[in-house]
Colleague: 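Could you have a look at this structure, given as structure tokens, before my questions?
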Amino acid sequence: MDLSKEERSAIDRKEVERLLSLLRGVSWREDGTVAMLVVTPRPHEHVVREEVRVIRGKGFDGDHDRKSYYRGSYVPGREVSAITLEVLNVLGVEPSVVGDNLITHGIDLASLEKGDVLQVGDVLLERSHREHRPCETFRHRTSPEAFAIVSRGRYRGALFTVRATGTVRRGDPIRVVPPGT
């Protein structure tokens, strides 16, 4: 059955409330682990990797050159994008489809303040001053309900700049490091 654009984009508000209730029940830890690493060699193409070289001033090695651009303009503070596996699981979203580089497990990315630093493997990532907002691509890859939830801010994840180049592997620990590290 073909649905109209309006019918496809209609949001089931009861489902949004149900999902928000589940998300509020997620237990977070002080630290976490790398659940998945995703490289985008070309726009809209995502490749899951076991390990990735992360480069200061660029982000994930293997990402296309325009990954940190939006509507033709470079967006500083967007070298690495991250979202939590817990949020994706509750929303019923396959982690590799959203386009984020770093899928974390255990740590609440929304609790990080701008300027906080994470050690991920031997890489240091600094929480960007930019908010990680969902785009139309996120809406098309997920659902109207998932888009509505992450549009509320807290659940979209975080953007990072790379403070120290290195390698990240699936399963690596993630921890917040003291200021000045």
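These numbers come from the heavy atoms of this one structure, side chains and all, not from hydrogens, waters or symmetry mates. Each residue takes its place number in the sequence, starting with 1.
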Colleague: Just grab all the side-chain hydrogen bond (donor to acceptor under 3.5 Å, both in side chains) pairs involving residues 100-110, residues at least two apart or on different chains.
Modeller: D63-N101, S81-D100, E86-H105, D100-H132, D100-R156, D108-R154
Colleague: Can I get a per-line list of side-chain donor-acceptor pairs under 3.5 Å for residues 123-130, giving both atom names and the distance, sequence neighbours left out?
Modeller:
{"unit_1": "R127", "atom_1": "NH1", "unit_2": "R130", "atom_2": "O", "d": "3.3"}
{"unit_1": "S128", "atom_1": "OG", "unit_2": "G77", "atom_2": "O", "d": "2.9"}
{"unit_1": "S128", "atom_1": "OG", "unit_2": "R130", "atom_2": "N", "d": "2.9"}

Colleague: Does a side-chain heavy-atom distance below 4.5 Å link L109 with F160?
Modeller: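 In short, these two side chains touch, coming nearer than 4.5 Å.
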Colleague: Consider side-chain contact (heavy atoms from CB on, under 4.5 Å). Of L102, V80, I107, which one does L118 pass it with?
Modeller: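 Among L102, V80, I107, the one meeting side-chain contact (heavy atoms from CB on, under 4.5 Å) with L118 is I107.
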Colleague: Can you name the residues that form a side-chain contact (heavy atoms from CB on, under 4.5 Å) with E45, not counting sequence neighbours?
Modeller: P41, R42, V47
Colleague: If we only count heavy atoms from C-beta on, is the V98 to I83 side-chain gap below 4.5 Å?
Modeller: yes
Colleague: Do the non-hydrogen side-chain atoms of R163 and V117 ever get within less than 4.5 Å of each other?
Modeller: yes
Colleague: Pick one: which of L91, L88, V93 meets side-chain contact (heavy atoms from CB on, under 4.5 Å) with V150?
Modeller: L91
Colleague: Nearest 0.5 angstrom please: W28 CH2 to T84 OG1, how far?
Modeller: 3.5 Å
Colleague: The criterion is side-chain contact (heavy atoms from CB on, under 4.5 Å); which residues satisfy it with T167, sequence neighbours excluded?
Modeller: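 For T167 the side-chain contact (heavy atoms from CB on, under 4.5 Å) partners, ignoring immediate neighbours, are E51, R53, D122, R169.
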Colleague: May I ask you to decide if R175's main-chain N or O and Q119's side chain share a donor-acceptor pair within less than 3.5 Å?
Modeller: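 Side chain of Q119 to backbone of R175, a donor-acceptor pair under 3.5 Å: no, none is there.
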Colleague: Would you tabulate the side-chain donor-acceptor contacts of residues 31-39 under 3.5 Å, counting partners in other chains and residues two or more places apart, or write 'none'?
Modeller:
none

Colleague: Side-chain donor-acceptor contacts of residues 18-27 below 3.5 Å, not counting sequence neighbours, with atom names and distances?
Modeller:
{"unit_1": "R18", "atom_1": "NE", "unit_2": "E15", "atom_2": "OE1", "d": "2.8"}
{"unit_1": "R18", "atom_1": "NH2", "unit_2": "E15", "atom_2": "OE2", "d": "2.9"}

Colleague: I'd like to check the salt bridge (charged side-chain N to carboxylate O under 4.0 Å, His left out) partners of R170; sequence neighbours left out, ordered by chain and number.
Modeller: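 With neighbours one apart ignored, the set is E50.
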